[in-house]
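In this text the structure is predicted, and so the values were computed from the model without any measurement. To find a chain, count down the sequence lines: A is the first, B the second, and so on, and within it residues start at 1.
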Amino acid sequence: MKSTAILGMAAVLLSASLAGCGSSPSTAPSAKSIKDITIGTLYAKSGAFATSSMPEYSGLTFWASQINKTGGVYVKALHKKVPVKIVAYNDQSSATTATTLYSQLITVNHVNILVADFGSVLTSVAVPIAQEKKMLLFDQTGTGASFFTPSNPYIVLTSLPTSGLWPTSLAQYLIHKGYSRIAIVYATNDFDQSQDQTLVSKLKAAHITPVYNNGVPTSTSSYSVLLNNMSHTNPQAVIELGYPNNDIAFLQALKASGDHFNMVFTIFPGQLPQLFVSSVGPSSINNTYTYPAPPLLTFSHVNYGLNTAQFDLAFKKATGQSTNFLSIAGYNTGLIIQKTLSTANSLNQLSLRHAVSRFSGSLSTLDGTFKIDSKGAQIGETLPVGKITTNSKGRVSVQFVTSPNS
Amino acid sequence: MFTYSLVSGILFGIFFGFMALGLNLIFGVMEMVNLAHGDFVVLGGYVAIMALTSLHINPVVSLVIALVLFFLVGLGLFFPLIPRLSNSRDPEMLSLILFFGLSQVLEALMVIKFGVNPESLPLSVFGNSSWHFLGQSYQIAWIVTALVSLVMITLTYVFLYYTSLGRAVRAVMGNREEALASGLPVKRTSAIIFAIGIGLAAMSGVLSPLMIGSLDPTSGLGLTTIAFAIVVIGSLGNPLGSVVGGLVYGVSLMLMQTYLSSWSVLVPYLLLLIIVLVKPSGLLGKGVRHA
Amino acid sequence: MSREPILIFENIVKKFGAFRALDGVSGTLAPGEILGLVGPNGSGKTTLINVIAGLYYPDSGGVRSQEQDITHWPMHKRARMGINRTFQIPKPFKSLSVEENIALAYHYGRKPAMSPQQALDFVGLAPVKNQLALQLNSSQQKLLDLARALAAGPRILLIDELAAGLSHQELQVVADHLQALAQQDIALIVVEHHLGFVNQLTERVMVMNAGKEIFQGSLSRAAQDPTVSAVYLGTGS
Amino acid sequence: MLNTQLVEAGKRQRGRLLINGVIPFLVLVGFSLSPFVYANQAILFQMMAFMALAQGVNLLYGFTGYLPFGYVGFFGIGAYGMAISIQLLHFPGLLAVVMGGLLSAIIAIIFLPLLRLSGAYFAISSLAAAEVLSNVVSNSAMIHITNGPYGEQLTQSYHPVTSYVAMVIVLVLTTVTVIFIRNMPFGRALMAIREDPVSAAMAGIAVVRSRSIVWLLSALIAGLTGAIFGWHLSVFYPNTVFDLNISILAIVFTLFGGYGTVTGPVLGSIVLYGLYNAIGISDPQYFQLIYGLLIVALVLFLPGGIISLIQRRGNYVP
């Protein structure tokens, strides 16, 4: 019976391919026998989030190599320093793939610490898995407000405030300047649309109705006609809320159109200035406004880890890459983990979470003050508004128009 | 606002008509849908971007480079793949799958070679002047693109209607069996048209960053769908049909961006579905099943 | 011919764009009757068959059979009421075996009908019944079309150019077969180029030209008809 | 003589049924037991989901010749139908999954006219239809129903074990359905339609109705799979469940294994999804390159997939 042979072959292949997927399970090692602290995370080497995910991952691995040079991270539960090992997989910006990989990190690799990939989309699938497997998720930049619920203690946002809070200072500034004609175009995704909602409601509270407020698909790459439509409303301020690709396309179209407005605002030049300088040229972001993030935003008072200038130097030396916000965010995640391990009395995930709450508010890193609320969402860091100045060589500097410490 | 949308819709439309031209020719002559069409467009875009950034070659020159280079690529792909397919039992379906595979291969190669970040050409590549028309000003890059597109569409038209090779092509488009029976060199004609189709796709790709903003390795499939919609809206095998299809697409897109911006991404898909479902007889031709 | 007709088609008009493939054709067919449909290429013979079988719906005019207006019935419903056909270019299910081809029609077609084995024996394909249809030569494929139609239990059988490519001996066999079918009260319309073959089968013919019927009656009288000889016999075979 | 033949044929038939029965049994046992030996349920779960989708593609393409590039549209609608049932109607998870499947079938009824198209027209139009669905679901105009771009959070209904079991059941049912269709006259009729719709109609087969049944069935399979998939994730954005790569992988798995059989999609999903997890994770572009080349090679040399290597010598493969 040839066919039974085929079926047998199929069965063998099934088991073989499963075996290929990972080793057989073993029980989680007890705290005493731990030789190293494994940190499991994902990065996106391709796809929509690669631009942001890769530097963030570099920041985290940079932190790990730094700490391993000093003999490892101090783990209070073990009363000793233990080397850090990063276990990481490429999720290709696909949330579907990320699901299997988060699960792999928890169930097969049995990592001690779970760190999410960049952004809300890739973080989202980790939230229920982490909660179900009772693993504390170190969420670096997944700012979706819905991740944070009182019933879920297994998440901590390390870097940014939830996206709905971002436009607070922007709205303040617009109202303060007395702009009454404001045009907003936003990409219709979670991240940008929630900002648009906040911004519009804050403006409405000050009796300002935007003269133009339209959503465009996130895949939009040509803004010329949209820009022309906006300029017909004679706006004083033009706000574009998008992902980096949207901001680039928007600024390109703006440059080509020759239009001029009192104020132009985009989100990502403040986080990824080098990307914008190389893709749209220094002149197109000159005099525009943004949310300046570290390293454009530096904090004078740093009580934990490297400060911005030190990080800039050391990171460049170690990786050859220049610093941007996301590499700082990745490094900052490492610092939070470091502090957590040195505070927690055991490696139990809930006691890690309690440790985070204990030092919340007292930690100041190059990313600002680390402070979370009871749901694990970040409230310490805020995003000020700044005006970008570039010189012809591509050096970017920022002049704050709202207080960075508000 | 309406004038600006309309005029830029027309400029876009002419370009998209050109972008769809290669797909149209190959479909018309060989009854095969080149699902990798959009990937060749993207490759043309990368040729222009690389030529400009590393060799400082103006896109106008890249137009010629892309056409010639990908004409040769087309020839190189034709002989190992297509004759074998034409002899198979279901050439239409198998070619669709084959080109789908080719499209995946090209996308993977582009990711390996160029990375995943979107790349673009500066809109000021043809200078910073602009064209004033009916009280609005339009970017010179758009005007150049539309003009080049018009010239290429016209040349293709002249080729098809006023050269002997072109007449052979039209004979094959009309009826492949009869053309074979009457001793026309169908295989050679198909090879040349295939190569021209790929070459034109890459050539339109050179200009594409100026019209659609930026390109990345995954842009191909979307462009193929747009091109297919345009070909279906216009008529098979007729370069002027591509212009009609392109204009319908371009103007609809721009009006949608102006009046219902959050739905604008649906334009090519809705146009395609409306055409194939509501008016299948007139514009669909071979696509209708008899059963 | 006093029997009730089993098929009536009236004033059939079928246009393809501006071209009128059928331009008002009418006729009737009684059970057991064989009607020869002749005419030059492009005169509309196959189009008429297609309208009767339901591949095309006419732009105007109607088709009736067994007390029903079937003008807009889908093909499979007609097949199930007993209208079946063969094709000019045979259309077997190529990747199925000869037997499976016929068995399908037997399963889904009208009852009573010839069993697959009877149909195979009738057309003489029994020796190759386990071969795939694509392995048959083209005249075998035509016979397969016929066997498949028979297994679907036809009362009206439309035969589209069965003779082309058959040898003289094969022709004789086929003609005998078709006459045997007529004996069983099946009504046949036989589209044919080969007038000798038509002559063997039937006396009653309908001659078409440019989408119109130009003659209806016996074949021998058709030969003497001036219009027919001008457009068809004069220029045709 | 005839009698012995019939007996022989009867034996053969029973033998074939037995072999056919082995496949869903292996699937059932394999996926029920493997969580006990292999801890990463998520990989097992997704392999099942892709296997079910590949069978859905197999039904449609293998038996009717329609290649659905937009198959993911039904998957996404299933996930959203499930989510809406939970969020707005407060249905329990399993009932919500059924609702997802049904919604998907309803959408399939709306898109029935697509079956008037053939070949590339159908393939690309189905892609367009999926894009339309995805964009309608994610548009802010739908925010009160689908939560628009914000996606769905069903953490209150998250239940990985139940959803895993549900996926096993749907996969087994799907496999059994394909076996039934393949071995019933209906399956033969579908192949006849695929070969030649006109002849099929003349054989008395209701062409439009048969195709429509398969279309609805395959939409139901994708809808149920999408619904369970969404339930298993419990947090998803429109892009997650309308990701075109889901269609592409399901099609590739089917073509690779061999369409028109029961074993082909099973084998294709196991081998290629396994390969994907072995090499795809670290260097996904190489995986894409490999399967792209595989498809080109298959079309040129082995259009029936790897199964046809075995069928070629006249062997019966379920």
Side-chain angles (χ1 to χ4, degrees), chain B residues 27 31-36 80-81 84-85 88-90 92-113 116 217-218 221-222 224-225 228-229 232 262-266 268-273 275-278 280 284-291, chain D residues 61 65 67 69-70 111 113-125 127-132 134-136 138-141 149 193-194 196-201 205 207-208 211 244 248 251-252 255 283-301 303:
Chain B
F27 196 135
E31 292 167 23
M32 290 177 179
V33 174
N34 177 9
L35 270 186
L81 300 181
R84 214 187 151 89
L85 270 188
S88 68
R89 274 183 53 209
D90 188 359
E92 192 194 349
M93 210 63 215
L94 287 179
S95 62
L96 188 73
I97 297 171
L98 178 107
F99 286 122
F100 162 66
L102 183 63
S103 147
Q104 297 295 321
V105 170
L106 292 177
E107 199 180 305
L109 289 176
M110 283 191 278
V111 171
I112 293 167
K113 173 86 182 108
V116 293
T218 58
L221 187 60
T224 305
T225 316
F228 185 78
V232 174
S262 69
W263 296 100
S264 57
V265 75
L266 283 184
Y269 308 117
L270 282 180
L271 280 177
L272 178 64
L273 289 177
I275 292 289
V276 297
L277 294 180
V278 180
L284 196 59
K286 290 168 183 160
V288 192
R289 270 204 149 128
H290 285 303
Chain D
Y61 180 64
L67 189 62
F69 278 130
F111 280 111
L114 282 179
L115 295 184
R116 293 208 305 252
L117 312 171
S118 70
Y121 279 93
F122 173 84
I124 299 177
S125 299
L127 180 73
E131 289 290 341
V132 169
S134 149
N135 281 289
V136 167
S138 64
N139 196 282
S140 0
I193 296 172
R194 189 194 144 102
D196 195 316
V198 175
S199 291
I205 299 166
V207 173
V208 174
R211 279 176 178 160
L244 201 58
I248 290 181
I251 289 174
V252 170
L255 293 177
D283 293 293
Q285 64 275 32
Y286 290 102
F287 179 70
Q288 190 183 29
L289 185 65
I290 288 171
Y291 77 65
L293 290 172
L294 260 180
I295 290 175
V296 172
L298 282 176
V299 167
L300 293 178
F301 305 108

4.5 Å side-chain heavy-atom contact, D:I124 and B:L35: yes
B:V33 versus D:A120, closest heavy-atom pair with distance: CG2-CB, 3.2 Å
B:F100 and D:I248: CA distance, side-chain angles, deciding distance, side-chain contact (heavy atoms from CB on, under 4.5 Å) verdict: CA-CA 9 Å; B:F100 162 66; D:I248 290 181; 3.4 Å; yes
For the student: nearest non-hydrogen atoms of D:A128 and B:L272, plus distance: CB-CD2, 4.0 Å
Pairs of heavy atoms under 4.5 Å with chain D: top-ranked of B:V111, B:I112, B:V265: B:I112
Worked verdict on D:L244 versus B:L221 for side-chain contact (heavy atoms from CB on, under 4.5 Å): CA-CA 10 Å; D:L244 201 58; B:L221 187 60; 3.1 Å; yes
Side chain to side chain, B:T225 and D:F69, heavy atoms closer than 4.5 Å: no
Spacing of OG belonging to D:S125 relative to CG belonging to B:L273, to within rounding of 0.5 Å: 6.0 Å
Criterion side-chain contact (heavy atoms from CB on, under 4.5 Å) on B:E107 and D:L289, from CA distance to verdict: CA-CA 8 Å; B:E107 199 180 305; D:L289 185 65; over 6 Å; no
Residue, of B:L102, B:L85, B:I97, B:L81, that accumulates the most heavy atom pairs under 4.5 Å with chain D: B:I97
Side chain proximity check, D:V136 to B:W263, heavy atoms < 4.5 angstrom: yes
Point-to-point distance, once rounded to the nearest 0.5 Å, from CG of B:L277 to CG of D:L117: 6.0 Å
Region of D:A141 that comes under 4.5 Å of a non-hydrogen atom in chain B: side chain
Reported CZ-to-CE distance for the pair D:R194 and B:M93, which is rounded to 0.5 angstrom: 8.0 Å
Side chain, backbone, both or neither of B:L98 within contact of chain D (heavy atoms, under 4.5 Å): both
Verdict with reasoning, B:Y269 to D:L127, per side-chain contact (heavy atoms from CB on, under 4.5 Å): CA-CA 8 Å; B:Y269 308 117; D:L127 180 73; 5.6 Å; no
B:V276 and D:F122, any side-chain heavy atoms less than 4.5 Å apart: no
Max heavy-atom pair count under 4.5 Å with chain B, selected residue of D:N135, D:L300, D:L114, D:L294: D:L300
Atom of B:V105, atom of D:G292 and distance for their closest heavy-atom approach: CG2-C, 3.4 Å
Option that, when pairs with chain D are counted at under 4.5 Å, heavy atom only, ranks first among B:L94, B:D90, B:T224, B:L270: B:L94
Top contributor to chain D contacts, counting heavy-atom pairs under 4.5 Å, from B:A108, B:S95, B:S103, B:S88: B:A108
Structural part of D:L298 lying under 4.5 Å from a heavy atom of chain B: neither
